[in-house]
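Just so it is clear, the values below take in all heavy atoms, side chains as well, and ignore hydrogens, waters and symmetry mates. Lettering follows sequence order; numbering is per chain, from 1.
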Amino acid sequence: GAVVSQHPSWVICKSGTSVKIECRSLDFQATTMFWYRQFPKQSLMLMATSNEGSKATYEQGVEKDKFLINHASLTLSTLTVTSAHPEDSSFYICSAGGGLRGNQPQHFGDGTRLSIL
Amino acid sequence: RKEVEQDPGPFNVPEGATVAFNCTYSNSASQSFFWYRQDCRKEPKLLMSVYSSGNEDGRFTAQLNRASQYISLLIRDSKLSDSATYLCVVNGKAAGNKLTFGGGTRVLVKP
């Protein structure tokens, strides 16, 4: 069964709306979770590393004020796309796991397909 | 140069045939390697980890060549359900749990 749950699966909303996506680890505690974005026919691009109880670490070129990340508990991280615009339309995926040294595979959520009209 | 590179394909494979493809990585300090499978409009799913000595899981065989900095995936007796994009994923020693993804190799198995 799934070990990482992501919600919602699909969002369609108007430009200017803020959208919150949740990522939950179901049967383990995750001090670190990762948020990715994938555009059509492209690979996954890491947006940020979500750290429980502290600020997220953003990759170069990712606006932290645009993509707000909150990791308030060991099983939940949220990504909020603020004032979304059509260019933010993408497939957003979270992951967790990897073991303490990163030598174990990560598990991915089902992904959220975001469409901004 | 990209950190992790893959031939995007597509590899058109007759059902029952064998297909193999590689992935090269630039960071010699990379420690962990994985193959994930991604179906269209779905999240990546772990296919297999790649171990230094090479490993096999059913019809799938993965190998690691540290000297030449590449990993490979071989699929035997291809099934129609093997059609997917195969993602090469690398974890660098200094990167903690942060993964780097290749662009994916698309495989199309046809009857």
Side-chain angles (χ1 to χ4, degrees), chain A residues 1-7 9-10 21 23 25 28 30-52 56-60 62 77 89-115, chain B residues 2-10 23-25 27 29-52 55 57 60 62 64 66 71 73 84-108:
Chain A
V3 296
V4 176
S5 171
Q6 192 171 336
H7 177 81
S9 300
W10 199 294
I21 304 169
C23 180
S25 57
F28 65 99
T31 56
T32 305
M33 292 184 179
F34 300 90
W35 287 98
Y36 299 85
R37 181 168 53 182
Q38 186 176 33
F39 292 106
K41 298 187 178 181
Q42 295 186 25
S43 189
L44 277 75
M45 295 299 296
L46 180 65
M47 298 175 67
T49 303
S50 173
N51 304 300
E52 188 269 333
T57 306
Y58 289 83
E59 296 300 300
Q60 192 173 11
V62 178
S77 174
S89 299
S90 187
F91 189 44
Y92 292 85
I93 312 174
C94 70
S95 74
L100 293 176
R101 294 177 295 168
N103 57 347
Q104 299 296 319
Q106 290 187 17
H107 300 281
F108 288 84
D110 291 343
T112 298
R113 197 159 299 281
L114 177 62
S115 295
Chain B
K2 292 182 181 178
E3 289 187 57
V4 180
E5 291 201 71
Q6 293 182 249
D7 183 337
C23 159
T24 59
Y25 59 95
N27 184 354
S30 298
Q31 294 288 301
S32 305
F33 308 89
F34 310 95
W35 282 106
Y36 280 78
R37 168 195 170 127
Q38 186 174 27
D39 293 293
C40 188
R41 303 173 78 83
K42 297 283 188 180
E43 80 281 12
K45 292 187 184 294
L46 177 69
L47 180 65
M48 58 197 303
S49 301
V50 185
Y51 303 122
S52 297
N55 48 301
D57 183 0
F60 298 86
L64 167 63
R66 286 193 182 273
I71 66 173
L73 180 67
T85 297
Y86 291 85
L87 301 173
C88 170
V89 184
V90 175
N91 186 336
K93 182 179 182 180
N97 286 2
K98 200 161 71 171
L99 302 177
T100 302
F101 286 77
T105 296
R106 191 168 172 216
V107 173
L108 297 174

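Taking each heavy atom of Ser43(A) and Gly103(B) in turn, the nearest pair found is CB-CA, 3.6 Å.
In terms of non-hydrogen atom pairs under 4.5 Å with chain A, the most contact-rich of Pro44(B), Cys40(B), Gly102(B) is Pro44(B). Between chain B and the options Gln38(A), His107(A), Gln42(A), heavy-atom pairs under 4.5 Å are most frequent for Gln38(A).
Gln6(A) and Glu43(B) are not linked by any side-chain donor-acceptor pair at a separation below 3.5 angstrom, with hydrogens and angles left out of the test.
Contacts of Arg41(B) with chain A are made by both backbone and side-chain atoms, with heavy-atom separations under 4.5 Å. At a 4.5 Å heavy-atom cutoff, Gln6(B) makes no contact with chain A through either its backbone or its side chain. When heavy atoms are compared at a cutoff of 4.5 Å, Leu44(A) approaches chain B by way of both its backbone and its side chain. If you measure heavy-atom distances from Tyr36(B) to chain A, the contacts under 4.5 Å come from the side chain alone.
No more than 12 heavy atoms of other residues, nucleotides or ligands lie within 6.0 Å of CD in Glu3(B), so this atom counts as exposed by the packing criterion. Open room surrounds CZ on Arg106(B); 12 or fewer heavy atoms of other groups in view lie less than 6.0 Å from it. Within a 6.0 Å sphere centred on OH of Tyr51(B), heavy atoms belonging to other residues, nucleotides or ligands number 12 at most.
Here the CD atom belonging to Gln38(B) is positioned 6.5 Å from the CZ atom belonging to Phe91(A), to the nearest 0.5 angstrom.
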